[in-house]
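Some notes on the structure that comes next.
Atoms considered below: every heavy atom in the structure, side chains included; atoms not considered: hydrogens, waters and symmetry mates. In this chain, numbering begins with 1 at the start of the sequence shown.
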Amino acid sequence: IADRGYANPAGIAHVVSQGGDVLVRMNLVTLPLYASDFDPKAQPLSQAQTWDILAHVRPLQVGQTQSWPVCVWLKGKTPSSSRVIRGRLCATRKSHAAAEQSRQRVLRESQRAGSSTQTHTPEAAESAFVFTTLGARVSADPFVTTSKRFATPSPAISATKSRTSGTNSSRWPSASTIGCVRRARI
């Protein structure tokens, strides 16, 4: 289980190569996804197109969860050294209030860093995304719901964070969430 800072092809490939599965909150920029039938050996690099995440998530209603088969492409130095990792994108649409809170947080962070947001960022803030290599037999609902909760902390969690000078252990998965993931592996 990892936060979006670890959502990159090399990190996912490392875990999978060691026999593990990943469940990682998505970062739309650092983890490009491809169609589940993508084959880098059959398709030239110049023709490779990423899977349009927002186009698939856009029709979801508030609270609705969906998953799609996708893959991650770890680009090698040559086409034969490239690696494709099959998995699923799981997503849910946030409530209007949670989406607005996420958009405001992204804008504040962008202004603080002195950078501008990407054009897809406001729309992406309306949903929570998780990439997993866990099979389809494992429901996406508990994982995405947990990710959505981490992405939009409640006022009580925000107050806890400010009282504890930035440490916020309540944003990490609870024992019941980890138990859910362990049961999913069985």
Report the residues that fulfil side-chain contact (heavy atoms from CB on, under 4.5 Å) with His120, sequence neighbours left out, ordered by chain and then residue number. Leu28, Val29, Leu54, Gln118, Ala124

Among pairs that include at least one residue of residues 94-119, which meet ring pair (Phe, Tyr, Trp, His ring centres under 6.0 Å), considering only residues two or more places apart or in two chains? none

Only counting residues at least two apart or in another chain, list the ones meeting salt bridge (charged side-chain N to carboxylate O under 4.0 Å, His left out) with Arg58. Glu123

For the atom pair CZ (Arg88) and SG (Cys71), what is the distance rounded to the nearest 0.5 Å? 15.0 Å

Could you tell me if the side chain of Thr50 sits less than 4.5 Å from the side chain of Leu33, heavy atoms only? no

Residues pairing under salt bridge (charged side-chain N to carboxylate O under 4.0 Å, His left out) where one sits in residues 95-104, two or more places apart or in two chains, turn out to be Glu100-Arg103, Arg103-Glu126

Distance-minimising heavy-atom pair for Cys90 and Ser67: SG-CB, 3.9 Å

Give a yes or no answer on whether the side chain of Lys94 reaches the backbone of Ala125 with a donor-acceptor pair at less than 3.5 Å. yes

Between Val16 and Asp21, is there a side-chain heavy-atom distance shorter than 4.5 Å? no

Residues that Phe38 engages under ring-ring contact (aromatic ring centres under 6.0 Å, His included), provided they are two or more places apart: Tyr34, Trp73

Check whether any side-chain N or O of Ser110 sits under 3.5 Å from a backbone N or O of Val106 as a donor-acceptor pair, and report yes or no. no

Is it true that a side-chain atom of Arg93 and a backbone atom of Val57 form a donor plus acceptor pair closer than 3.5 Å? yes

Can you see which heavy atom on Ala91 is nearest to which on Leu60, and at what distance? O-CD1, 4.0 Å

Taking only residues two or more places apart in sequence or in another chain, which ones pass side-chain contact (heavy atoms from CB on, under 4.5 Å) with Val15? Val22

Nearest heavy atoms of Pro9 and Thr30, plus distance in Å: CD-O, 3.4 Å

Between Val24 and Tyr6, the two heavy atoms sitting closest are CG2-C, 4.1 Å

